[in-house]
There are 2 protein chains.
Amino acid sequence: MPQSQRQIEERQLRKERILSGALQVFKKHGIDGATMDEIANESGFGKATLYYYFKSKEDVLTAILLDGWLKIWESLEPVIAQQHSPRKTFVNVLIKIAENAQKRPGLFEFLFNVPKVVKIEKQPWKEYQDRLYSVIKGLIEDGVKSGEFPNINPNHMFKALGGLFMGLVFMGDREEPVTDKDVEKLLNQLITDPTLPTN
Amino acid sequence: MPQSQRQIEERQLRKERILSGALQVFKKHGIDGATMDEIANESGFGKATLYYYFKSKEDVLTAILLDGWLKIWESLEPVIAQQHSPRKTFVNVLIKIAENAQKRPGLFEFLFNVPKVVKIEKQPWKEYQDRLYSVIKGLIEDGVKSGEFPNINPNHMFKALGGLFMGLVFMGDREEPVTDKDVEKLLNQLITDPTLPTN
DNA sequence: CTAATTTTCGAATGTACATTCGATAAAATA
DNA sequence: TATTTTATCGAATGTACATTCGAAAATTAG
């Protein structure tokens with residue numbers, strides 16, 4: 001009954017080990033292609049042990065996603081709280097996401113691609129994903145309203161940025177973190193800031 | 001032995017019926033989630049009959065994709081052959097793709113999203129997909145070189161356009177075909193034509 | 001009309017997992 | 001140390017399909 005602190009921590013560590021192995025397998029074979037056998041091997045436990053820590057395969061997947069989105073969201077909250085102009089906040093948000101992606105390579109690419117594949121409703125991680133998306137959309141809308149962004153359909157801009165940003169963060173072979181210069185450049189390529197003269 | 005023409009045609013028709021049912025099921029449940037049972041129901045044949053026309057489930061999927069990409073490519077060839085400026089050709093290519101998408105709604109969205117999910121090498125349809133992608137990338141590169149497009153990394157532009165264009169073609173509730181006006185607008189939103197003055 | 005062929009299909013087969021069992025070991029507790 | 005709790009795991013179970021069988025309609029050919 002006492003459940004020592006160390007015990008709890010080690011238990012958590014073991015869960016993370018499993019999650020980390022599972023992520024590799026998911027990325028290698030896709031969600032449906034991944035087997036519990038391989039996840040067990042990859043993470044160094046017996047197959048049955050996985051079920052000691054997680055209720056099901058789906059539960060493992062959900063844990064990965066919830067964990068990831070939660071971490072993104074938490075890292076973003078302070079950035080959003082700062083009261084800067086939409087454009088500035090926007091840049092900071094993108095930088096922060098890029099930072100996250102750099103810190104745990106692989107996880108975030110998975111995070112941003114999985115939604116296309118998973119169907120089931122009521123995924124707890126969706127809440128955080130939705131929050132992030134509406135913040136970004138809100139920033140774009142505000143930027144358009146205040147004239148900081150050109151008058152483009154926010155939905156379109158969102159989509160364009162999605163593709164562009166993913167390209168920058170995930171496809172680059174670079175090791176260096178994405179800087180605000182990078183993001184500014186990206187933004188300037190995508191949308192010419194109407195308050196600046198075109199060179 | 002004679003195999004009358006009608007016989008051959010009807011056979012072809014039946015194959016298409018199966019493919020069409022299969023597409024619905026694939027879109028509804030995803031590739032792995034789709035069962036041969038449901039495809040059989042949906043297309044109005046007995047399960048075993050599917051195997052009279054197709055070697056396997058994967059074969060059904062491949063047929064859908066090969067068919068789709070081939071049709072896109074064929075419709076695009078004349079457009080590409082015309083010797084216009086990169087920007088003009090580019091617009092025409094996008095319009096043509098949008099036309100295709102409008103003609104067979106559902107198929108093309110599937111076509112453009114599936115690659116992210118399928119792994120196996122040597123997919124025959126990949127050849128056409130690759131051709132299309134390199135044509136588009138080539139047009140962008142030419143446009144940048146000739147100064148018709150601003151000096152953006154072609155890879156970035158490709159990705160941004162991907163997101164944007166898919167948004168325009170697939171997400172719109174619109175019934176009307178996508179016009180060259182639409183595409184031009186899209187292009188102008190994405191990249192300010194450097195030869196024109198910014199308003 | 002009779003034989004060959006093409007087409008159709010439900011039921012049987014086989015397999016690849018996800019999940020559970022039942023037992024054991026290791027660690028914590030008293 | 002004795003006992004309880006926690007952790008581990010390979011083998012057994014069950015199930016959901018993909019694929020094949022074997023037989024029978026339906027159609028075509030002679």
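Sequence lines set the chain letters: A, B, ... in the order given, protein chains first and strands last, and positions in each chain run from 1.
Between B/E127 and B/R131, at least one side-chain nitrogen of the basic residue sits less than 4.0 Å from a carboxylate oxygen of the acidic one, meeting the salt-bridge criterion.
Across the protein-nucleic acid pair, B/N41 atom CG and C/dT8 atom C1' stand 15 Å apart, rounded to whole Å. With rounding to whole Å, B/I39 atom CD1 is found 15 Å from C/dC9 atom P. Between A/I8 atom CD1 and C/dA27 atom P the separation is 18 Å, expressed in whole Å. Distance B/Q12 CD to C/dT6 C1': 16 Å, rounded to the nearest Å. Note: CZ (A/F45) to C1' (D/dG10) measures 16 Å, nearest angstrom. At whole-Å resolution of the value, CZ in A/R17 and C1' in D/dT8 are 15 Å apart.
A/S75 and A/E99 share no side-chain donor-acceptor pair at under 3.5 Å.
Note on A/T49: a side-chain N or O is less than 4.0 Å away from OP1 or OP2 of D/dC9. Within the structure, every side-chain polar atom (N or O) of A/R11 is placed at least 4.0 Å from both OP1 and OP2 of D/dT6.
The side chain of A/Y52 lies closest to D/dT6, out of D/dC9, D/dT6, C/dT8.
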Check: protein-nucleotides 15-18 of chain D nitrogen or oxygen pairs below 3.5 Å:
from   : atom 1 : to    : atom 2 : distance (Å)
D/dA18 : OP1    : B/A34 : O      : 3.1
D/dA18 : OP1    : B/K57 : NZ     : 3.0
D/dA18 : OP2    : B/M36 : N      : 2.7

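To the nearest 0.5 angstrom, B/L66 atom CG is 10.0 Å from B/L19 atom CG. Taken from CG in A/L61 to CZ in A/F54, the straight-line distance is 11.0 Å, to the nearest 0.5 Å.
Of the possible donor and acceptor atoms, one in the side chain of B/K57 sits under 3.5 Å from a partner among the backbone N and O of B/A34. Using a distance-only test at 3.5 Å, with no hydrogens or angles considered, no donor-acceptor pair links the side chain of B/T49 to the main chain of B/Y52. The main-chain N or O of A/A63 is never found under 3.5 Å from a side-chain atom of A/D67 such that the two would form a donor-acceptor pair.
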- Message: I need a per-nucleotide contact map over nucleotides 22-28 of chain D, read 5' to 3'. Cutoff is protein heavy atoms under 4.0 Å; write B for the base, S for backbone only, - otherwise.
- Response: ------S

- Task: List the steps, then state whether side-chain contact (heavy atoms from CB on, under 4.5 Å) holds for B/K71 with B/R104.
- Result: CA-CA 11 Å; B/K71 283 217 175 82; B/R104 323 175 90 215; 3.8 Å; yes

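Listed by residue number, the members of residues 59-68 of chain B with any heavy atom below 4.0 angstrom from DNA chain D form an empty set.
Between A/Y53 and the options A/R17, A/Q12, A/R14, A/K15, a side chain to side chain donor-acceptor pair (under 3.5 Å) holds for only A/R14. Among the candidates B/Y128, B/F108, B/F112, the single residue satisfying the ring-ring contact (aromatic ring centres under 6.0 Å, His included) test with B/W69 is B/F112.
Nucleic acid contact class of B/Y53 (heavy atoms, under 4.0 Å, all strands): sugar-phosphate only.
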